[in-house]
Amino acid sequence: MQRELQNIVILTGAGVSAESGVATFRGPDGLWEGHRVEDVATPEAFARDPDLVQNFYDERRAKLKTVNPNAAHLALAKLDEQWPSDLLLVTQNVDDLHDRAGSKSLVHMHGELNSAWCLACDGRFPFNGTMASGPTCPQCDTPGQLRPDIVWFGEMPYEMERIELALSQCDLFVSIGTSGAVYPAAGFVQTARHYGAQTLEMNLDPSEGSFHFHESRMGKAGDLVPEWVKEILRDV
Ligand code: APR
């Protein structure tokens, strides 16, 4: 028997921001804005060529000022506001479009473009400038020690305990716009199922773990997500 729908965990990936004009990570050419992910998204890449990595993220950060939340972000924010039980939105995206749409119960598990991490004092703080010029840390005054507060390959995603707890208590797990290529996020569907949740995927094409989901809806997030939100808010 299907249990009553109360707690929801939603995972989003680059596909949810694609219609806002933010490039996905794994384009048809396998490159992220012309770069191999390993060349810009690993601690080794940063140690080898910090200027390349800083310039890359400076460009992505500047681009945020030119894009806006789309219908999918807005629908998820509406759900966050109106859903009567627990809801946690976990995003792999480092853009700020869920925040700007108004989602409050939100975890940026892979960090944020608009956050800086000072390697001198270990402080993290909001940042929307450029790092390539080696700015000074506002907390410890050390110059040239800021790095993007982004979880690179080989680093530990943020707030995993909170996410695992929510997955173990959710009745519905929904995955939107992610290729399912990167763990631990790619394994969330199995964790949620293990604890008895229903699972739904919405993506442009089947993700790598598509067969794990009870239901898959294929199409654009900007169409599918508002329809689904309307559907589940109907009985609230
Ligand atoms: N609507 C829904 N899905 C879409 C849309 C759209 N408009 N456009 C693209 N997609 C789908 C693609 O078909 C693809 O399956 O979104 C998915 C995006 O996959 P990726 O580019 O691999 O992005 P993501 O899954 O978020 O990547 C995970 O990998 O590089 C790391 O840390 C980085 O967070 C990132 C992680």
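Just so you know, residue 1 is the first one in the sequence shown, and it goes up from there. Computed from heavy atoms alone, side chains included, the values below leave out hydrogens, waters and symmetry copies. Both ligands and their constituent atoms are indexed starting at 1 by order of listing.
Just one of Asn128, Asp96, Asp95 meets the side-chain hydrogen bond (donor to acceptor under 3.5 Å, both in side chains) condition when paired with Asn114; it is Asp96.
Protein heavy atom in closest approach to atom 11 (C) of ligand 1: Asn203 OD1, 3.3 Å. Protein heavy atom in closest approach to atom 18 (C) of ligand 1: Gly177 O, 3.7 Å. The nearest heavy-atom contact from the protein to atom 25 (O) of ligand 1 is Thr178 OG1, 2.6 Å. Nearest to atom 13 (O) of ligand 1 among the protein's heavy atoms is Asp205 OD1, 2.8 Å. Shortest contact from atom 1 (N) of ligand 1 to any protein heavy atom: Ala221 N, 2.8 Å. Closest to atom 35 (C) of ligand 1 among all protein heavy atoms lies Phe25 CE1, 3.4 Å. The nearest protein atom to atom 10 (N) of ligand 1, hydrogens excluded, is given as Gly15 CA, 3.6 Å; this is a heavy-atom distance. Atom 27 (O) of ligand 1 has Arg26 NH1, 3.2 Å as its closest protein atom, hydrogens excluded (heavy atom only).
Within ligand 1, the atoms closer than 4.0 Å to a non-hydrogen atom of Ala18 are 8 (N), numbered from 1 in the order shown. Using a 4.0 Å cut-off to heavy atoms of Gly13, the atoms of ligand 1 that qualify are 26 (O). Interface atoms of ligand 1 facing Gly219, defined by a heavy-atom separation under 4.0 Å, are 1 (N), 2 (C). Those atoms of ligand 1 that come under 4.0 Å of a heavy atom in Lys220, given as number and element, are 1 (N).
The aromatic rings of Phe56 and His35 lie perpendicular to each other, with more than 60° between the two planes, well past the 30° mark.
Under the 3.5 Å distance criterion, the side-chain polar atoms of Asp80 are matched with a main-chain donor or acceptor of Lys104. When atom types are taken as modelled, the side chain of Arg60 and the backbone of Leu113 share no donor-acceptor pair closer than 3.5 angstrom.
Here Val189 is tied into one hydrophobic group with Val9, Leu11, Leu88, Val90, Val107, Met109, Met160, Ile163, Leu167, Phe173, Phe188, Phe213, each link being a pair of ILVMFWY side chains closer than 4.5 Å.
For Asp223 and Lys220, the salt-bridge test fails: no basic side-chain N is under 4.0 Å from an acidic carboxylate O.
Within the 4.5 Å cutoff, side-chain heavy atoms of Arg61 are placed close to those of Met131. Put simply, the side chain of Tyr57 does not reach to within 4.5 Å of the side chain of Asp149, judged on heavy atoms.
Scanning for side-chain hydrogen bond (donor to acceptor under 3.5 Å, both in side chains) contacts around Trp83 gives an empty result, with sequence neighbours left out.
For His110, every heavy-atom contact with ligand 1 shorter than 4.0 Å involves the side chain, none the backbone. Looking at Glu19 against ligand 1, only its side chain comes within 4.0 Å, counting heavy atoms. Contacts between Val182 and ligand 1 below 4.0 angstrom, taking non-hydrogen atoms only, involve the side chain exclusively. Both the backbone and the side chain of Ser179 come within contact range of ligand 1, each with a heavy atom under 4.0 Å.
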Step-by-step side chain to side chain contact (heavy atoms under 4.5 Å, CB included) determination, Glu44 to Glu38: CA-CA 9 Å; Glu44 293 78 12; Glu38 309 84 287; over 6 Å; no
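Backbone and side-chain nitrogen or oxygen atoms of Leu204 are examined, and one is located within less than 3.5 angstrom of a nitrogen or oxygen of ligand 1. Looking at Gln92 next to ligand 1, an N or O pair under 3.5 Å apart turns up. Looking at Ala14 next to ligand 1, an N or O pair under 3.5 Å apart turns up. For the pair Gly180 and ligand 1, the shortest N or O to N or O distance does not fall below 3.5 Å.
Neither side chain, Glu201 nor Ser175, offers a donor N or O lying under 3.5 Å from an acceptor on the other. Between the side chains of Ser17 and His98, no donor N or O sits under 3.5 Å from an acceptor N or O.
Within the 4.0 Å heavy-atom shell around ligand 1 one does not find Gly222. At least one heavy atom of Phe153 sits closer than 4.0 Å to an atom of ligand 1.
For OH of Tyr195, the number of neighbouring non-hydrogen atoms (other residues, nucleotides, ligands) closer than 6.0 Å is 12 at most.
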